[in-house]
Structures are given as structure tokens and as C-alpha cells.
Amino acid sequence: QVQPVESGGGLVQTGGSLRLSCAVSGRTISNYFTGWFRQAPGKGREFVAAISRSGASLYDTNSVKGRFTISRDNAKNTVYLQMNSLEPEDTAVYYCAVSPYARRMASVNDYNYWGQGTQVTVSS
């Protein structure tokens, strides 16, 4: 069973930063496409960023606007989402998802395995 596990969420003030982590126990995360999605109350799950097996990254430019950075540390078998200049609109549950194959990387349908999510709350 492939089970991503997220960590690093919390409460932060507007303009602050958080770094989310995603690990997959017993698996080599660089063998998977890894995506970050988020879901705010009453809204659908939306794409934030993804990293391919080769290390290429993709962002939702509308919401991220250069504030977020996805990266992978192969030695630590972990994918990170560095979030800077956080805004109240970033408040959501953030999910990590992985898949051995991903046609577009930005669609929820591309990912087979999902974490339980980590709450990010940005206060104004």
C-alpha cells in the first residue's frame, strides 16, 4: 500500500511562511509523480504544484503567483512545498498525492494515492 503522509501545516499570520512535507513510507518517492492540492471549506480540491519523476515542476500560476516552491530531497525521500507570503485565501487542507504515472500532473484524476491532508490556516 502506498500511503503519502503530509506534515508541516499550522496557523500562520498573513505574510508568513510554512513548509509542508510529504513522505511515502517504504517507497522511493522519486519513482512517483508528486502533487500538492488544497481544498478550502465549501470548495473543490484544486491543484497547487507538482513535481515529476525527473524533477520538473509545475505550478498553478493563478493561485501560487511565484510564492510557492515545490522541491524534492531524494536523500530524505521527501517532497516539500515551501509557501511564502501566505494570504488568508491560502487557508485550506493541503493534500499530497503520488502516482507512478501522471499524464498532466495537474488533475486529481492523475493520482492514485492520497494523504490524509494537513491544515493550513492563515490569519489576517
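Atoms considered below: every heavy atom in the structure, side chains included; atoms not considered: hydrogens, waters and symmetry mates.
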- Closest non-hydrogen atoms of Y111 and F33, given as atom of the first, atom of the second and distance, are CE2-O, 3.8 Å
- Side-chain contact test, heavy atoms from C-beta onward, threshold under 4.5 Å: evaluate it for V12 versus S123 and give yes or no. no
Enumerate, atom names and distances included, each donor-acceptor pair closer than 3.5 Å involving a side-chain atom of residues 17-32, sequence neighbours excluded.
unit_1: S17; atom_1: OG; unit_2: N84; atom_2: OD1; d: 2.9

- Is the side chain of R53 donor-acceptor paired with the backbone N or O of T34 at a distance under 3.5 Å, no angle test? no
- Item | Derivation and outcome, ring pair (Phe, Tyr, Trp, His ring centres under 6.0 Å), residues W36 and F68 | CA-CA 11 Å; W36 284 100; F68 293 3; over 10 Å; no
- Query: Any link between Y113 and V79 through a network of hydrophobic side chains (Ile, Leu, Val, Met, Phe, Trp, Tyr) touching at under 4.5 Å?
  - Reply: yes
- Check step by step if side-chain hydrogen bond (donor to acceptor under 3.5 Å, both in side chains) holds for E87 and S85. CA-CA 7 Å; E87 304 166 350; S85 301; over 6 Å; no
- Do you reckon Y59 sits in the same ILVMFWY cluster as I51, going by side-chain contacts under 4.5 Å, direct or chained? yes
- Query: Would the number of heavy atoms belonging to other residues, nucleotides or ligands and lying under 6.0 Å from CD of Q116 be above 12?
  - Reply: no
- Note on the structure: Heavy-atom nearest pair, F47 first then M105, reads CE1-O, 3.4 Å
- Query: Got a second to check how far S52's OG is from Y101's OH, nearest 0.5 Å?
  - Reply: 14.0 Å
- Query: Regarding E89 and T91, is there a side-chain donor-to-acceptor distance under 3.5 Å anywhere?
  - Reply: no
- Not counting sequence neighbours, which residues clear salt bridge (charged side-chain N to carboxylate O under 4.0 Å, His left out) with R67? List them please. D90
- Query: Where do Y95 and F37 land on the ring pair (Phe, Tyr, Trp, His ring centres under 6.0 Å) test, with the steps shown first?
  - Reply: CA-CA 5 Å; Y95 296 91; F37 294 77; 8.8 Å; no
- Message: Using every non-hydrogen atom in the two residues, find where M83 and V120 come nearest and quote the distance to one decimal.
- Response: CE-CG2, 3.9 Å
- Task: Output yes when a side-chain donor or acceptor of E6 lies under 3.5 Å from a complementary backbone atom of C96, and no otherwise.
- Result: yes
- Task: Please check if the side chain of T118 supplies one atom and the backbone of G9 the other of a donor-acceptor pair under 3.5 Å.
- Result: yes
- Message: If I take atom CD from residue Q3 and atom CH2 from residue W114, how far apart are they, to the nearest 0.5 angstrom?
- Response: 12.5 Å
- Task: Report the C-alpha separation of V48 and L81 in whole Å, then their side-chain angles, then the decisive distance to 0.1 Å, and conclude whether the side chain to side chain contact (heavy atoms under 4.5 Å, CB included) test is met.
- Result: CA-CA 9 Å; V48 176; L81 184 68; 4.2 Å; yes
- Is it true that a side-chain atom of R45 and a backbone atom of A40 form a donor plus acceptor pair closer than 3.5 Å? no
- Message: Return the OG to CD1 distance between S57 and I70, rounded to the nearest 0.5 Å.
- Response: 7.5 Å
- Derivation and outcome, side chain to side chain contact (heavy atoms under 4.5 Å, CB included), residues T14 and L86: CA-CA 5 Å; T14 297; L86 284 163; over 6 Å; no
- Say whether, by atom type as modelled, one donor and one acceptor occur between the side chain of D73 and the main chain of K76 under 3.5 angstrom. yes
- Which atom of A106 lies closest to which atom of L58, heavy atoms considered: CB-CD2, 4.1 Å
- Could you pull out all residues at least two apart from E46 that satisfy salt bridge (charged side-chain N to carboxylate O under 4.0 Å, His left out)? R38
- Task: For D110 and R104, work out which heavy atoms get closest and say how close.
- Result: OD2-N, 3.1 Å
